[in-house]
S.K.: 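Please find one structure pasted underneath; my questions will follow.
Reckoned from all heavy atoms, side chains included, excluding hydrogens, waters and symmetry mates. Chain letters run A, B, ... following the sequence lines, proteins first and then strands; every chain starts at 1.
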Amino acid sequence: MAASWTLTEGSPMKVCFVTTGATAPFTALIESLLEPSSLDALREGGYTHLLIQFGTAKDVFETRAQAARNYLQQQGNETFAIGGMDFDPNGLREQFKLVQQSKGLVISHAGSGSILATLRYQIPLVVVPNDQLLDNHQEELAIAMERSNYLLRGDVKNLAPAIQKSADFRIKMAQFPPITSGKHRETKSFAAIMDETMGFLD
Amino acid sequence: MAPPPSSLYTLSFFLAALTTLLVCASLRLLAILPRTPFRPQPIRRKPIATRVLIVLGSGGHTHEMFYLLRELDTSKYTHRTYVVSSGDAFSAQRAVEFEGELEVREKARLRRKEELEEEEDEKLEGQNGKIATQNEERQACTGPDHYNVATVPRARHIYQSILTTPVSSLWTLWKSFPPLLAAPPLLPDQSPQTPYEAAAQDLPDLILTNGPATGVIIVLGSLILRFFNLRGANSRGKCKTVYVESFARVKTLSLSGKLLLRVVDRFVVQWEALEGKGGRAEFWGVLV
């Protein structure tokens, strides 16, 4: 259903797409996004659609989404749409394109695969490290990536600040993969490293 | 008077033999293990055809490997062997998809080039009627004849006991020699007809891995080939190894990284904090 949302000329659409990872469901991220504070931040940012890839946490999503819709109705906002989708083995190309075209935002768990896939589309990305996971390097990677201006880091307890920051971030975000990533050092592509190792020096 | 032959079967003789063997083995290892750090050495004549062996692993490693390979030049790396673990259908499928993309890209490039040449020909004919199209360019090598996917048994199954892992790893090592030694011929029992086929049925020139356990075992296998200089693995400079640490490792090396740090010809990391690990980790920016 949600994947068929289409961008039509004239009707303003701004999509926030959320991906929570295929292996371990990150329910805290789903819950946090459907909190009134996050919803308010999204609406203030001009977002019209929130699409959540819930993976295996369908039940959590449905109950929370219903509560969120009720909240929006109380506020007198009928236009903000909330949709959910399952894990898609064919990848998320369509969803990323939709975000790209609608000048939207992706909020993701901090898995390296999701980060790499999203940044190819040159769309603003907020990553939320899962603090429930022990001994993993998500936090380290998120910090390093934020320092290089590739993405923003969000706190699962309060996502509103990151959503607000993402509006300005769109302008200053660094290109990924980097063309020249260092200010003072020579960079190489992997193709060049392969050639060097083989002795193919021109 | 010479001592009787039975005097050779003494403990001290065996100890002496063992020590000699150990010393020889260590010297050999020192000789084949890479210099620190890597220094590029240009070769006089570029080979027409080469084979590169690419080790794929579980989902994440495979994804990163194909990001790394996005600019792969098939006119230089004419045969690709993808090694996957048994049961990893995803990686095998990704390899086939990637090769399909290479093929499409090459066809598009040729079409563009033809169009350009036609335009130029028209211009030239208008000027002096001379057509100058020298084709010294190397031939791009895409399509099913230029790659193969080899399967090796998994080194360690999920939930496998730590006690039996060495046994299954040895089995993986044994099974990793066929793909290391050659890619299968295009037709069964046919000797190579072209330089491309010859390179495909030879040892790999380059071995690429980025962290799966299978990669560690394949590199170990290549070291054995170089140690004994099997098929000229060492004397012909074959089986050069490149390890790329995962983009997800920012401050510490992965287990595979630690194991291979001093063994591979080049050890590449993607975050500055890891530069210089073991006196040889190279950093050239994010590569994926």
Side-chain angles (χ1 to χ4, degrees), chain A residues 21-23 87 89-93 109-120 127 129 133 135-151 174-202, chain B residues 34 38-47 50 52 54 58-73 76-77 90 93 205-208 210 237-238 240-242 244 246-252 254 264-266 268 270-275 282-288:
Chain A
T23 36
F87 175 69
N90 297 320
L92 301 166
R93 201 167 294 148
H109 72 118
S112 64
S114 296
I115 292 176
L116 288 175
T118 311
L119 291 181
R120 308 268 145 187
V127 298
L133 292 178
D135 183 45
N136 83 19
H137 308 277
Q138 287 197 352
E139 184 85 37
E140 275 174 20
L141 181 63
I143 292 171
M145 288 294 281
E146 187 181 48
R147 203 178 293 142
S148 306
N149 254 336
Y150 293 129
L151 47 75
Q175 180 157 356
F176 192 91
I179 297 170
T180 46
S181 71
K183 290 154 213 119
H184 49 79
R185 65 165 56 250
E186 198 192 337
T187 55
K188 275 180 197 163
S189 69
F190 186 63
I193 291 173
M194 279 171 71
D195 286 353
E196 251 182 22
T197 313
M198 291 287 291
F200 294 170
L201 305 170
D202 291 315
Chain B
F38 174 82
R39 247 179 290 125
Q41 283 162 332
I43 45 169
R44 268 159 292 162
R45 276 186 64 223
K46 263 192 207 176
T50 57
V52 50
I54 299 151
S58 61
H61 290 304
T62 298
H63 273 301
E64 281 199 33
M65 183 52 91
F66 287 113
Y67 283 129
L68 288 172
L69 293 174
R70 66 185 177 278
E71 287 171 36
L72 185 80
D73 185 347
K76 287 177 186 159
Y77 302 96
F90 168 79
Q93 190 199 332
D205 298 274
L206 198 59
I207 297 170
L208 307 177
N210 64 344
K238 294 272 183 183
K240 291 213 172 67
T241 46
V242 179
V244 183
S246 167
F247 158 77
R249 307 300 299 222
V250 179
K251 287 180 180 165
T252 52
S254 64
V264 289
D265 290 295
R266 293 190 85 172
V268 186
Q270 301 194 61
W271 290 101
E272 208 163 357
L274 293 175
E275 187 177 22
E282 304 172 45
F283 169 72
W284 301 106
V286 173
L287 300 167
V288 288

S.K.: Can you confirm whether A/R93 is buried at CZ, in the sense that more than 12 heavy atoms of other residues, nucleotides or ligands lie under 6.0 Å from that atom?
M.R.: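 It does not: A/R93 CZ has 12 such atoms or fewer within range.
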S.K.: Which atoms of B/T50 come close to chain A, meaning under 4.5 Å heavy atom to heavy atom: side chain ones, backbone ones, both, or neither?
M.R.: side chain
S.K.: When you compare the side chain of A/M198 with that of B/D205, does any pair of heavy atoms fall below 4.5 Å?
M.R.: yes
S.K.: Specify the closest pair of heavy atoms between A/L141 and B/V250, including all atoms of both residues, with the distance to one decimal.
M.R.: CA-CG2, 3.5 Å
S.K.: How far does NE2 of B/H63 sit from OG of A/S112, to the nearest 0.5 angstrom?
M.R.: 9.5 Å
S.K.: Sort out for me which of A/A191, A/A144, A/S189, A/G113 touches chain B most, counting heavy-atom pairs under 4.5 Å.
M.R.: A/A144
S.K.: Please examine the side chains of B/F283 and A/K188, heavy atoms only from C-beta on, and report whether any two atoms are closer than 4.5 Å.
M.R.: no
S.K.: Please name all residues satisfying side-chain hydrogen bond (donor to acceptor under 3.5 Å, both in side chains) with A/T118, sequence neighbours left out, ordered by chain then number.
M.R.: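 Counting only residues at least two positions away or on another chain, A/T118 forms no side-chain hydrogen bond (donor to acceptor under 3.5 Å, both in side chains).
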S.K.: Please enumerate all residues that pass side-chain hydrogen bond (donor to acceptor under 3.5 Å, both in side chains) together with B/D73, with sequence neighbours excluded.
M.R.: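 Once residues adjacent in sequence are excluded, the partners of B/D73 under the side-chain hydrogen bond (donor to acceptor under 3.5 Å, both in side chains) criterion are B/S75.
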S.K.: Name the region of A/A117, side chain, backbone, both or neither, that has any atom closer than 4.5 Å to a heavy atom of chain B.
M.R.: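 Both backbone and side chain.
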S.K.: When you compare the side chain of A/P177 with that of B/R70, does any pair of heavy atoms fall below 4.5 Å?
M.R.: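 In short, these two side chains touch, coming nearer than 4.5 Å.
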S.K.: Answer with side chain, backbone, both or neither: which region of A/I193 has an atom nearer than 4.5 Å to a non-hydrogen atom of chain B?
M.R.: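 Both the backbone and the side chain of A/I193 come within 4.5 Å of chain B.
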S.K.: Against chain A, label B/V288 side chain, backbone, both or neither, depending on which of its atoms sit under 4.5 Å from a heavy atom there.
M.R.: both
S.K.: Nearest 0.5 Å, please: how far is NE2 in A/H137 from CZ in B/F247?
M.R.: 14.0 Å
S.K.: Heavy-atom distance under 4.5 Å to chain A: side chain of B/K240, backbone, both or neither?
M.R.: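 B/K240 touches chain A through side-chain heavy atoms alone.
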S.K.: So, do A/F200 and B/P40 sit near enough that their side-chain heavy atoms are less than 4.5 Å apart?
M.R.: no
S.K.: Quick one: which of B/T252, B/T241, B/L208 has the most heavy-atom pairs under 4.5 Å with chain A, could you say?
M.R.: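 Greatest number of close heavy-atom pairs with chain A: B/L208.
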S.K.: Quick one: do A/E140 and B/R249 make a salt bridge, cutoff under 4.0 Å?
M.R.: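 Salt bridge: no.
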S.K.: If you count heavy-atom pairs under 4.5 Å between each of B/E71, B/R266, B/E282 and chain A, which one has the most?
M.R.: B/R266
S.K.: Taking C-beta and beyond as the side chain, do A/F190 and B/L72 meet within less than 4.5 Å on heavy atoms?
M.R.: no
S.K.: If I compare all heavy atoms of A/T197 with all of B/F38, which pair ends up nearest, and what's the gap?
M.R.: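 Taking A/T197 first and B/F38 second, the nearest heavy atoms are CA-CZ, 3.8 Å.
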S.K.: Are any side-chain N or O atoms of B/Y77 and backbone N or O atoms of A/M194, one a donor and one an acceptor, separated by less than 3.5 Å?
M.R.: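 Checking the backbone N and O of A/M194 against the side chain of B/Y77, a donor-acceptor pair under 3.5 Å is found.
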